[in-house]
Amino acid sequence: MQISDFQISQVNKQIQSLRKAGSFYGKKLEEAGISGISTPEDFASLPFSEKNDLREAYPMGLMTAPEEDIVRIHSSSGTTGLPVIIPYTAKDVDDWAIMFARCYETAGITNTDRIQITPGYGLWTAGIGFQSGAEKLGAMVIPMGPGNTDKQLQMMMDMKSTVICATSSYALLLAEEIEKRGFKDKICLKKGVIGSERWGEKMRQRIADELGIELYDIYGLTEIYGPGIGINCKYNTGIHYWDDYIYIEIVDPVTLKPVPDGELGEIVITTLVKEGAPLIRYRTHDLSRIIPGACPCHSRFPRLDIIMGRTDDMIKIKGVNVFPSQIEEILKEFPEVSSEYQIRISHLEGRDTMRLYVETNGTVDFQILSRRIAEKVKSRIGFTPLVKVVELGLLPRSEKKSKRVFDERYE
Ligand code: ZN
């Protein structure tokens, strides 16, 4: 998606504030001798930013607006090392609520809905984001926060909640409890707005079926406002994102060159109007693609595909970047194989080989199936794997996420 002239002028303003504030990115620009941009080529020459840059700016090195304009901070949970602190101005807080309200509207939620919010409140951006957006929309908020399933279900019935906001795992837990306790007739839920972890189609179907609701995936990250920068519409053809607040490019995670619309790569986000902590070309390490063309809902907002995984999952084989999710997508097109698979990569006589193990039952010709899968991988990804078809139940299963990729080249 080519950056527009208007977006360039917006980025240029962000650059001026960053330089003036002398924040980490302002210094990067100064080192690179960049004082402003006026063309798409100028934009493409801007340095990227990374989570590590933000960590190094701890605690307040990201602050780009004057102190008296900052009204709030949020923080992303640092699993390793220092957390990241994001300062917000009053306008940032309001912009975020506007974007979030737009998410609810895109999901067909209105000011007559009652929205039960189960994500956490506090330093991170979840609960309060869901709440501000709902208030901006004019809906009624039931601000539960996480946990206490008994109370959640009681309030859900008594308050006649029509919308549930949750992580996919908590939504599933609630769905199972409702089923187990026989409460299904007593709940009024119509829609679920689910935070953007990566979740499988099967889990989605189970939550939707058990609760009898429509599900919407909301996208966002703390570094860029929080959840609410995009959501799917009822046609479920990808996530509409708000390109009047953010510019998204998809880049090859190795070369960092933008890829054409439709191709898989890393999501890189630039804020267009943020004041407290603007970010330029921020690498999310989330994998997705821009979906070309128009959505049947006629929204003017462009679309991202669902998040397909993280760049850290990438495997390089015979010079081609491969993501396990791409293999998964291909296998989904073969109804005769199970959802289990294993990828093994080895280096033999100077060449990389990929063996792909899949399961099926005895009613299928293993040889023909293996050839069909290999051909599809070749046409989609560009190399031919050795496909080994095995009996159903032979691949290992575990309660947690199974390890599916074994790179024996480095063992
Ligand atoms: Zn749409």
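Counting starts at 1 for both ligands and their atoms, in listed order.
- A cation-pi arrangement, defined by a distance under 6.0 Å to the six-membered ring centre and an angle within 45 degrees of its axis, is absent between Lys234 and Tyr216.
- Comment: Glu336 engages Arg372 in a salt bridge, judged by a side-chain N to carboxylate O separation of less than 4.0 angstrom.
- Using a 4.0 Å cut-off between charged nitrogen and carboxylate oxygen, Lys318 and Asp352 do not count as a salt-bridge pair.
- For the pair Arg303 and Tyr241, the NZ or CZ position fails the cation-pi test of under 6.0 Å to the six-membered ring centre and within 45 degrees of the ring normal.
- Applying the side-chain hydrogen bond (donor to acceptor under 3.5 Å, both in side chains) test to pairs two or more places apart or on separate chains, none has a residue in residues 59-71.
- A salt bridge links Arg102 with Asp244: at least one charged nitrogen is closer than 4.0 Å to a carboxylate oxygen.
- Counting only distances under 2.8 Å, and ignoring water, the protein N, O or S atoms around the Zn ion (ligand 1) are Cys233 SG, His240 NE2, Cys295 SG, Cys297 SG.
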